[in-house]
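First the proteins, then the strands, lettered A, B, ... as listed; each starts at 1.
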There are 2 protein chains.
Amino acid sequence: MTSNSADRPRWLSDGEQRTWQAYLQATMLLEDHLDRQLQRDAGMPHIYYALLVQLSQAPRRRLRMTVLAQNAKITRSRLSHAVAALEKKGWVRREDCPSDKRGQNAVLTDAGYEMLRQTAPGHVEAVRSALFDRLTPEQVAQLGEICAAVAEGLQPEGADLPWLR
Amino acid sequence: MTSNSADRPRWLSDGEQRTWQAYLQATMLLEDHLDRQLQRDAGMPHIYYALLVQLSQAPRRRLRMTVLAQNAKITRSRLSHAVAALEKKGWVRREDCPSDKRGQNAVLTDAGYEMLRQTAPGHVEAVRSALFDRLTPEQVAQLGEICAAVAEGLQPEGADLPWLR
DNA sequence: CTGATGTACTTGAACTCTCAAGTTCATTAC
DNA sequence: GTAATGAACTTGAGAGTTCAAGTACATCAG
(Lines give C-alpha, C1' and ligand atoms only; values in the text may rest on other atoms or scores of the structure.)
Protein backbone atom coordinates (compact mmCIF):
# COMPACT_ATOMS: atom_id res chain seq x y z
CA MET A 1 0.00 0.00 0.00
CA THR A 2 1.59 3.25 -1.05
CA SER A 3 0.35 5.11 1.94
CA ASN A 4 3.12 7.63 1.93
CA SER A 5 1.82 10.78 0.39
CA ALA A 6 5.22 11.81 -0.89
CA ASP A 7 4.00 10.44 -4.24
CA ARG A 8 2.02 12.67 -6.52
CA PRO A 9 -1.33 13.06 -4.81
CA ARG A 10 -4.32 11.37 -6.40
CA TRP A 11 -6.66 14.35 -6.25
CA LEU A 12 -10.38 13.83 -6.38
CA SER A 13 -12.08 14.15 -9.74
CA ASP A 14 -14.89 16.67 -10.09
CA GLY A 15 -17.46 13.95 -9.66
CA GLU A 16 -15.73 12.55 -6.63
CA GLN A 17 -15.47 15.98 -5.14
CA ARG A 18 -19.18 16.56 -5.59
CA THR A 19 -19.94 13.22 -4.03
CA TRP A 20 -17.64 13.90 -1.13
CA GLN A 21 -19.17 17.29 -0.51
CA ALA A 22 -22.66 15.83 -0.66
CA TYR A 23 -21.61 13.08 1.72
CA LEU A 24 -20.20 15.50 4.24
CA GLN A 25 -23.27 17.68 4.14
CA ALA A 26 -25.77 14.86 4.27
CA THR A 27 -24.13 13.04 7.16
CA MET A 28 -23.65 16.27 9.06
CA LEU A 29 -27.24 17.37 8.57
CA LEU A 30 -28.66 13.99 9.39
CA GLU A 31 -26.62 13.56 12.52
CA ASP A 32 -27.52 17.04 13.69
CA HIS A 33 -31.16 16.44 12.92
CA LEU A 34 -31.32 13.22 14.92
CA ASP A 35 -29.26 14.66 17.73
CA ARG A 36 -31.75 17.46 18.12
CA GLN A 37 -34.72 15.18 17.81
CA LEU A 38 -33.45 12.91 20.54
CA GLN A 39 -32.17 15.67 22.75
CA ARG A 40 -35.61 17.18 22.60
CA ASP A 41 -37.68 14.02 22.94
CA ALA A 42 -35.44 11.77 25.00
CA GLY A 43 -33.05 14.17 26.66
CA MET A 44 -29.88 12.61 25.30
CA PRO A 45 -27.64 12.68 22.24
CA HIS A 46 -28.03 10.19 19.43
CA ILE A 47 -25.06 8.07 20.38
CA TYR A 48 -26.40 7.55 23.90
CA TYR A 49 -29.70 6.50 22.49
CA ALA A 50 -27.94 4.04 20.21
CA LEU A 51 -26.24 2.51 23.22
CA LEU A 52 -29.57 1.94 24.92
CA VAL A 53 -30.95 0.36 21.75
CA GLN A 54 -27.99 -2.02 21.65
CA LEU A 55 -28.62 -3.00 25.23
CA SER A 56 -32.32 -3.48 24.65
CA GLN A 57 -31.54 -5.99 21.94
CA ALA A 58 -28.93 -7.92 23.91
CA PRO A 59 -29.80 -11.18 25.67
CA ARG A 60 -30.55 -10.14 29.22
CA ARG A 61 -30.51 -6.47 28.33
CA ARG A 62 -26.90 -6.35 29.37
CA LEU A 63 -23.55 -6.28 27.62
CA ARG A 64 -19.94 -6.22 28.59
CA MET A 65 -18.54 -2.72 28.30
CA THR A 66 -15.96 -3.71 25.73
CA VAL A 67 -18.51 -5.51 23.58
CA LEU A 68 -20.87 -2.58 23.72
CA ALA A 69 -18.07 -0.23 22.75
CA GLN A 70 -17.17 -2.42 19.80
CA ASN A 71 -20.76 -2.74 18.63
CA ALA A 72 -21.27 0.98 18.84
CA LYS A 73 -17.89 1.73 17.29
CA ILE A 74 -16.73 4.00 20.05
CA THR A 75 -13.75 3.92 22.38
CA ARG A 76 -13.96 2.40 25.82
CA SER A 77 -13.21 5.74 27.34
CA ARG A 78 -16.09 7.39 25.58
CA LEU A 79 -18.34 4.58 26.67
CA SER A 80 -17.26 4.94 30.28
CA HIS A 81 -18.25 8.58 30.30
CA ALA A 82 -21.47 7.85 28.44
CA VAL A 83 -22.53 5.09 30.80
CA ALA A 84 -21.72 7.31 33.75
CA ALA A 85 -24.08 9.92 32.36
CA LEU A 86 -26.78 7.36 31.56
CA GLU A 87 -26.45 5.90 35.04
CA LYS A 88 -27.03 9.30 36.53
CA LYS A 89 -30.24 9.51 34.54
CA GLY A 90 -31.29 6.08 35.67
CA TRP A 91 -31.49 4.41 32.27
CA VAL A 92 -28.53 2.15 32.84
CA ARG A 93 -26.87 0.48 35.76
CA ARG A 94 -23.47 -1.17 36.03
CA GLU A 95 -22.92 -4.59 37.51
CA ASP A 96 -19.77 -6.56 38.10
CA CYS A 97 -19.06 -9.34 35.70
CA PRO A 98 -19.12 -12.65 37.57
CA SER A 99 -16.55 -14.42 35.40
CA ASP A 100 -13.99 -11.63 35.17
CA LYS A 101 -13.48 -9.34 38.09
CA ARG A 102 -12.12 -6.63 35.85
CA GLY A 103 -15.27 -6.68 33.75
CA GLN A 104 -18.42 -4.65 33.98
CA ASN A 105 -21.80 -5.21 32.45
CA ALA A 106 -23.92 -2.31 31.39
CA VAL A 107 -27.54 -3.17 32.12
CA LEU A 108 -30.58 -1.42 30.71
CA THR A 109 -32.87 -0.59 33.63
CA ASP A 110 -36.64 -0.92 33.52
CA ALA A 111 -36.86 2.84 33.45
CA GLY A 112 -34.50 2.83 30.49
CA TYR A 113 -36.56 0.22 28.70
CA GLU A 114 -39.74 2.14 29.33
CA MET A 115 -38.13 5.31 28.06
CA LEU A 116 -37.13 3.54 24.85
CA ARG A 117 -40.62 2.15 24.42
CA GLN A 118 -42.05 5.61 24.57
CA THR A 119 -39.56 7.40 22.37
CA ALA A 120 -38.86 4.72 19.77
CA PRO A 121 -41.85 5.55 17.57
CA GLY A 122 -40.87 9.17 17.32
CA HIS A 123 -37.31 8.24 16.55
CA VAL A 124 -38.03 5.75 13.76
CA GLU A 125 -40.36 8.30 12.32
CA ALA A 126 -37.53 10.82 12.30
CA VAL A 127 -35.15 8.36 10.67
CA ARG A 128 -37.75 7.37 8.14
CA SER A 129 -38.75 10.82 7.11
CA ALA A 130 -35.17 12.07 6.89
CA LEU A 131 -33.67 9.05 5.17
CA PHE A 132 -35.77 6.15 3.97
CA ASP A 133 -38.71 8.16 2.71
CA ARG A 134 -36.37 10.09 0.45
CA LEU A 135 -34.81 7.04 -1.18
CA THR A 136 -36.08 4.41 -3.56
CA PRO A 137 -35.84 0.79 -2.42
CA GLU A 138 -32.93 0.34 -4.82
CA GLN A 139 -31.13 3.26 -3.25
CA VAL A 140 -31.65 1.83 0.20
CA ALA A 141 -30.07 -1.39 -0.94
CA GLN A 142 -27.21 0.50 -2.57
CA LEU A 143 -26.63 2.52 0.55
CA GLY A 144 -26.47 -0.67 2.57
CA GLU A 145 -23.84 -2.14 0.28
CA ILE A 146 -21.80 1.02 0.23
CA CYS A 147 -21.81 1.46 3.97
CA ALA A 148 -20.97 -2.16 4.55
CA ALA A 149 -17.98 -1.86 2.24
CA VAL A 150 -16.75 1.28 3.93
CA ALA A 151 -17.27 -0.06 7.43
CA GLU A 152 -15.48 -3.24 6.55
CA GLY A 153 -12.49 -1.31 5.40
CA LEU A 154 -12.22 0.65 8.60
CA GLN A 155 -12.92 -2.24 10.89
CA PRO A 156 -10.49 -4.09 13.11
CA GLU A 157 -8.84 -6.40 10.59
CA GLY A 158 -6.08 -4.39 9.07
CA ALA A 159 -6.73 -2.14 11.93
CA ASP A 160 -5.43 0.51 14.16
CA LEU A 161 -8.40 1.22 16.33
CA PRO A 162 -7.50 2.43 19.81
CA TRP A 163 -8.49 -0.77 21.55
CA LEU A 164 -6.43 -2.92 19.27
CA ARG A 165 -3.08 -1.28 19.41
CA MET B 1 -47.39 15.66 7.05
CA THR B 2 -48.41 13.14 9.68
CA SER B 3 -45.53 13.98 11.91
CA ASN B 4 -47.27 13.09 15.12
CA SER B 5 -46.12 9.66 16.17
CA ALA B 6 -49.34 8.86 17.94
CA ASP B 7 -50.16 6.80 14.84
CA ARG B 8 -49.01 3.23 14.64
CA PRO B 9 -45.25 3.51 14.16
CA ARG B 10 -43.82 2.54 10.79
CA TRP B 11 -41.03 0.32 12.09
CA LEU B 12 -38.02 -0.39 9.94
CA SER B 13 -38.02 -3.59 7.94
CA ASP B 14 -35.16 -6.03 8.45
CA GLY B 15 -33.42 -4.75 5.38
CA GLU B 16 -33.86 -1.16 6.42
CA GLN B 17 -32.57 -1.94 9.86
CA ARG B 18 -29.45 -3.56 8.44
CA THR B 19 -28.90 -0.59 6.19
CA TRP B 20 -29.39 1.82 9.05
CA GLN B 21 -26.98 -0.07 11.25
CA ALA B 22 -24.40 -0.18 8.47
CA TYR B 23 -24.89 3.53 7.88
CA LEU B 24 -24.35 4.41 11.51
CA GLN B 25 -21.24 2.30 11.75
CA ALA B 26 -19.72 3.43 8.48
CA THR B 27 -20.26 7.13 9.11
CA MET B 28 -19.01 6.83 12.68
CA LEU B 29 -15.90 4.91 11.65
CA LEU B 30 -15.13 7.20 8.75
CA GLU B 31 -15.57 10.37 10.75
CA ASP B 32 -13.40 9.00 13.54
CA HIS B 33 -10.80 7.89 11.07
CA LEU B 34 -10.53 11.27 9.40
CA ASP B 35 -10.66 13.10 12.69
CA ARG B 36 -7.67 11.16 13.90
CA GLN B 37 -5.82 11.54 10.64
CA LEU B 38 -6.23 15.29 10.68
CA GLN B 39 -5.65 15.68 14.38
CA ARG B 40 -2.39 13.84 13.90
CA ASP B 41 -1.24 15.48 10.67
CA ALA B 42 -2.77 18.92 10.89
CA GLY B 43 -3.48 19.38 14.56
CA MET B 44 -7.19 20.03 14.20
CA PRO B 45 -10.48 18.16 13.88
CA HIS B 46 -12.02 17.35 10.55
CA ILE B 47 -14.66 20.05 10.70
CA TYR B 48 -12.06 22.76 11.25
CA TYR B 49 -10.11 21.50 8.30
CA ALA B 50 -13.27 21.60 6.21
CA LEU B 51 -13.72 25.23 7.15
CA LEU B 52 -10.26 26.08 5.93
CA VAL B 53 -10.90 24.23 2.69
CA GLN B 54 -14.06 26.26 2.14
CA LEU B 55 -12.14 29.46 2.71
CA SER B 56 -9.36 28.41 0.38
CA GLN B 57 -11.88 27.97 -2.41
CA ALA B 58 -13.70 31.24 -1.81
CA PRO B 59 -12.99 34.33 -3.94
CA ARG B 60 -10.48 36.27 -1.92
CA ARG B 61 -10.02 33.41 0.53
CA ARG B 62 -12.60 35.01 2.74
CA LEU B 63 -16.23 34.44 3.56
CA ARG B 64 -18.87 36.02 5.70
CA MET B 65 -19.34 34.06 8.88
CA THR B 66 -22.94 33.26 8.15
CA VAL B 67 -22.17 32.05 4.65
CA LEU B 68 -19.37 29.87 5.89
CA ALA B 69 -21.63 28.40 8.54
CA GLN B 70 -24.27 27.64 5.94
CA ASN B 71 -21.79 26.07 3.55
CA ALA B 72 -20.35 23.91 6.26
CA LYS B 73 -23.77 23.08 7.70
CA ILE B 74 -22.94 24.15 11.21
CA THR B 75 -24.48 26.70 13.55
CA ARG B 76 -23.12 30.20 13.83
CA SER B 77 -22.26 29.59 17.41
CA ARG B 78 -20.14 26.59 16.57
CA LEU B 79 -18.43 28.56 13.87
CA SER B 80 -17.66 31.41 16.25
CA HIS B 81 -15.89 29.06 18.61
CA ALA B 82 -14.14 27.30 15.75
CA VAL B 83 -12.85 30.49 14.19
CA ALA B 84 -11.68 31.66 17.59
CA ALA B 85 -9.60 28.50 17.88
CA LEU B 86 -8.31 28.73 14.32
CA GLU B 87 -7.41 32.34 14.91
CA LYS B 88 -5.36 31.35 17.91
CA LYS B 89 -3.46 28.92 15.72
CA GLY B 90 -2.89 31.57 13.11
CA TRP B 91 -4.66 29.86 10.22
CA VAL B 92 -7.52 32.32 10.09
CA ARG B 93 -8.05 35.97 10.87
CA ARG B 94 -11.23 37.96 11.26
CA GLU B 95 -11.89 41.20 9.55
CA ASP B 96 -14.81 43.59 9.72
CA CYS B 97 -17.18 43.55 6.83
CA PRO B 98 -17.09 46.92 5.07
CA SER B 99 -20.70 46.89 3.91
CA ASP B 100 -22.33 45.69 7.11
CA LYS B 101 -20.93 46.74 10.42
CA ARG B 102 -22.45 43.70 12.13
CA GLY B 103 -20.67 41.38 9.74
CA GLN B 104 -17.36 39.62 9.98
CA ASN B 105 -15.27 37.96 7.33
CA ALA B 106 -13.22 34.93 8.12
CA VAL B 107 -10.01 35.14 6.12
CA LEU B 108 -7.60 32.30 5.46
CA THR B 109 -4.11 33.51 6.35
CA ASP B 110 -1.01 32.72 4.33
CA ALA B 111 0.06 30.39 7.09
CA GLY B 112 -3.29 28.69 6.85
CA TYR B 113 -2.98 28.33 3.12
CA GLU B 114 0.51 26.91 3.43
CA MET B 115 -0.67 24.45 6.03
CA LEU B 116 -3.41 23.27 3.68
CA ARG B 117 -0.97 22.91 0.84
CA GLN B 118 1.18 20.64 2.92
CA THR B 119 -1.51 18.48 4.45
CA ALA B 120 -3.94 18.22 1.55
CA PRO B 121 -2.18 15.32 -0.15
CA GLY B 122 -2.25 13.21 2.98
CA HIS B 123 -5.86 14.03 3.54
CA VAL B 124 -7.14 13.17 0.08
CA GLU B 125 -5.18 9.99 0.32
CA ALA B 126 -6.98 9.16 3.55
CA VAL B 127 -10.36 9.93 2.02
CA ARG B 128 -9.52 7.93 -1.05
CA SER B 129 -8.31 4.85 0.71
CA ALA B 130 -11.14 4.82 3.20
CA LEU B 131 -13.96 5.62 0.80
CA PHE B 132 -13.41 5.88 -2.94
CA ASP B 133 -10.98 3.02 -3.28
CA ARG B 134 -13.55 0.72 -1.73
CA LEU B 135 -16.37 1.63 -4.10
CA THR B 136 -17.01 1.03 -7.76
CA PRO B 137 -17.55 4.09 -9.94
CA GLU B 138 -21.26 3.21 -10.02
CA GLN B 139 -21.38 3.14 -6.27
CA VAL B 140 -19.70 6.52 -6.07
CA ALA B 141 -22.37 7.91 -8.36
CA GLN B 142 -25.09 6.24 -6.32
CA LEU B 143 -23.69 7.61 -3.10
CA GLY B 144 -23.67 11.07 -4.59
CA GLU B 145 -27.34 10.81 -5.55
CA ILE B 146 -28.34 9.40 -2.20
CA CYS B 147 -26.52 12.04 -0.21
CA ALA B 148 -27.86 14.82 -2.38
CA ALA B 149 -31.40 13.58 -1.80
CA VAL B 150 -30.90 13.34 1.94
CA ALA B 151 -29.21 16.70 2.21
CA GLU B 152 -31.91 18.33 0.18
CA GLY B 153 -34.54 17.01 2.53
CA LEU B 154 -32.83 18.41 5.60
CA GLN B 155 -31.94 21.72 4.07
CA PRO B 156 -33.52 25.11 4.71
CA GLU B 157 -36.68 24.92 2.62
CA GLY B 158 -39.23 23.23 4.76
CA ALA B 159 -36.84 23.94 7.45
CA ASP B 160 -36.25 24.31 11.10
CA LEU B 161 -32.55 24.95 11.18
CA PRO B 162 -31.43 27.13 14.08
CA TRP B 163 -30.62 30.11 11.95
CA LEU B 164 -33.95 30.09 10.22
CA ARG B 165 -36.40 30.02 13.05
C1' DC C 1 -36.57 60.03 13.18
C1' DT C 2 -38.19 56.85 16.60
C1' DG C 3 -39.54 52.52 18.25
C1' DA C 4 -40.15 47.65 17.07
C1' DT C 5 -38.43 43.86 15.03
C1' DG C 6 -34.98 41.24 12.80
C1' DT C 7 -30.07 39.98 11.55
C1' DA C 8 -25.04 39.00 12.55
C1' DC C 9 -22.25 37.47 15.58
C1' DT C 10 -20.35 36.41 20.46
C1' DT C 11 -20.27 34.60 24.97
C1' DG C 12 -20.49 31.46 29.08
C1' DA C 13 -21.91 27.45 31.13
C1' DA C 14 -23.09 22.76 30.88
C1' DC C 15 -22.17 18.81 28.53
C1' DT C 16 -19.51 15.49 25.58
C1' DC C 17 -15.31 13.67 23.52
C1' DT C 18 -10.37 12.68 23.26
C1' DC C 19 -6.06 11.53 24.88
C1' DA C 20 -2.89 10.09 28.17
C1' DA C 21 -2.44 8.16 32.50
C1' DG C 22 -3.82 5.20 36.25
C1' DT C 23 -5.98 1.02 38.74
C1' DT C 24 -7.20 -3.62 39.09
C1' DC C 25 -7.35 -8.19 37.74
C1' DA C 26 -5.80 -12.01 34.32
C1' DT C 27 -2.26 -14.53 32.01
C1' DT C 28 1.98 -16.09 30.83
C1' DA C 29 6.82 -17.28 31.61
C1' DC C 30 10.01 -18.49 34.56
C1' DG D 1 4.87 -18.34 43.55
C1' DT D 2 6.32 -14.16 41.40
C1' DA D 3 7.58 -11.02 37.98
C1' DA D 4 6.34 -9.27 33.51
C1' DT D 5 3.00 -8.39 30.28
C1' DG D 6 -1.55 -7.62 28.87
C1' DA D 7 -6.62 -6.71 29.22
C1' DA D 8 -10.76 -4.18 31.16
C1' DC D 9 -12.20 -0.27 32.63
C1' DT D 10 -11.89 4.56 34.86
C1' DT D 11 -10.36 9.13 35.50
C1' DG D 12 -9.02 14.03 34.74
C1' DA D 13 -7.91 17.61 32.00
C1' DG D 14 -8.18 19.98 27.80
C1' DA D 15 -10.63 20.65 23.58
C1' DG D 16 -15.00 21.03 21.13
C1' DT D 17 -20.19 21.48 20.92
C1' DT D 18 -24.73 23.09 22.30
C1' DC D 19 -28.06 26.01 24.07
C1' DA D 20 -29.70 30.12 25.79
C1' DA D 21 -28.62 34.74 26.45
C1' DG D 22 -26.52 38.99 25.20
C1' DT D 23 -24.62 42.98 22.18
C1' DA D 24 -24.59 45.74 18.22
C1' DC D 25 -26.15 47.13 13.89
C1' DA D 26 -29.89 47.09 10.13
C1' DT D 27 -34.44 47.61 8.53
C1' DC D 28 -39.10 48.66 8.52
C1' DA D 29 -43.49 50.95 10.03
C1' DG D 30 -45.41 54.94 11.10
Donor/acceptor link under 3.5 angstrom from B:R76 side chain onto base of C:dA8: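 It does not, because no donor-acceptor pair links the side chain of B:R76 to the base of C:dA8 below 3.5 Å.
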Whichever of A:D100 and B:M65 has its nearest DNA chain C nucleotide further upstream toward 5':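 Checking each residue's closest nucleotide, the 5'-ward one belongs to B:M65.
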Between [X] ([atom1]) and [N] ([atom2]), how many Å, whole number?
{"X": "B:L34", "N": "C:dT18", "atom1": "CG", "atom2": "P", "value": "14 Å"}
{"X": "A:M44", "N": "D:dT18", "atom1": "CE", "atom2": "C1'", "value": "17 Å"}
{"X": "A:H46", "N": "C:dC17", "atom1": "NE2", "atom2": "P", "value": "12 Å"}
{"X": "B:E95", "N": "C:dA8", "atom1": "CD", "atom2": "C1'", "value": "16 Å"}
{"X": "A:R94", "N": "C:dT24", "atom1": "CZ", "atom2": "P", "value": "16 Å"}
{"X": "A:K101", "N": "D:dA7", "atom1": "NZ", "atom2": "C1'", "value": "16 Å"}
{"X": "A:L68", "N": "D:dT10", "atom1": "CG", "atom2": "P", "value": "11 Å"}
{"X": "A:I47", "N": "C:dT18", "atom1": "CD1", "atom2": "C1'", "value": "14 Å"}

Along DNA chain D (nearest heavy atom to each residue), the more 5'-positioned of A:Q104 and B:H81: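 Nearer the 5' end of the strand: A:Q104.
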A:D32 vs A:S77, nearer the 5' end of DNA chain D by closest nucleotide: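 Nearest nucleotide further toward 5': that of A:S77.
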Touch class at under 4.0 angstrom, heavy-atom based, for A:L79 against every strand present: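 If one applies the 4.0 Å heavy-atom cut-off, A:L79 turns out to touch nothing in the nucleic acid.
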Sugar-phosphate, base or nothing in reach of B:D35, heavy atoms under 4.0 Å: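 Since no nucleic acid heavy atom lies under 4.0 Å of B:D35, the category is nothing.
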Measuring from the side chain of [X] (C-beta onward, heavy atoms only), which nucleotide among [options] has the closest atom?
{"X": "A:S80", "options": "D:dT10, C:dT10, D:dA26", "answer": "D:dT10"}
{"X": "A:R102", "options": "C:dA26, C:dT16, C:dT10", "answer": "C:dA26"}
{"X": "A:T75", "options": "C:dT10, C:dT18, C:dT16", "answer": "C:dT18"}

Enclosure of B:R60 CZ (heavy-atom neighbours >12, cutoff 6.0 Å):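 Incorrect, the count does not exceed 12.
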CD/A:E145: more than 12 non-hydrogen atoms of other groups inside 6.0 Å: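 No, the 6.0 Å shell around CD holds no more than 12 heavy atoms from other groups.
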Closest approach of A:M115 to A:A42 (non-hydrogen atoms, all atoms of both residues):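 Closest approach of A:M115 to A:A42: CE-CB, 3.2 Å.
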Electrostatic pair A:R102-A:D96, nearest N-O below 4.0 angstrom: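 So A:R102 does not pair with A:D96 through a salt bridge.
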A:H123 ring center near A:H46 ring center (under 6.0 Å):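 That pair passes the under 6.0 Å test.
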Phosphate OP1/OP2 of D:dC19 contacted by A:R36 side-chain N/O (<4.0 Å):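 Yes.
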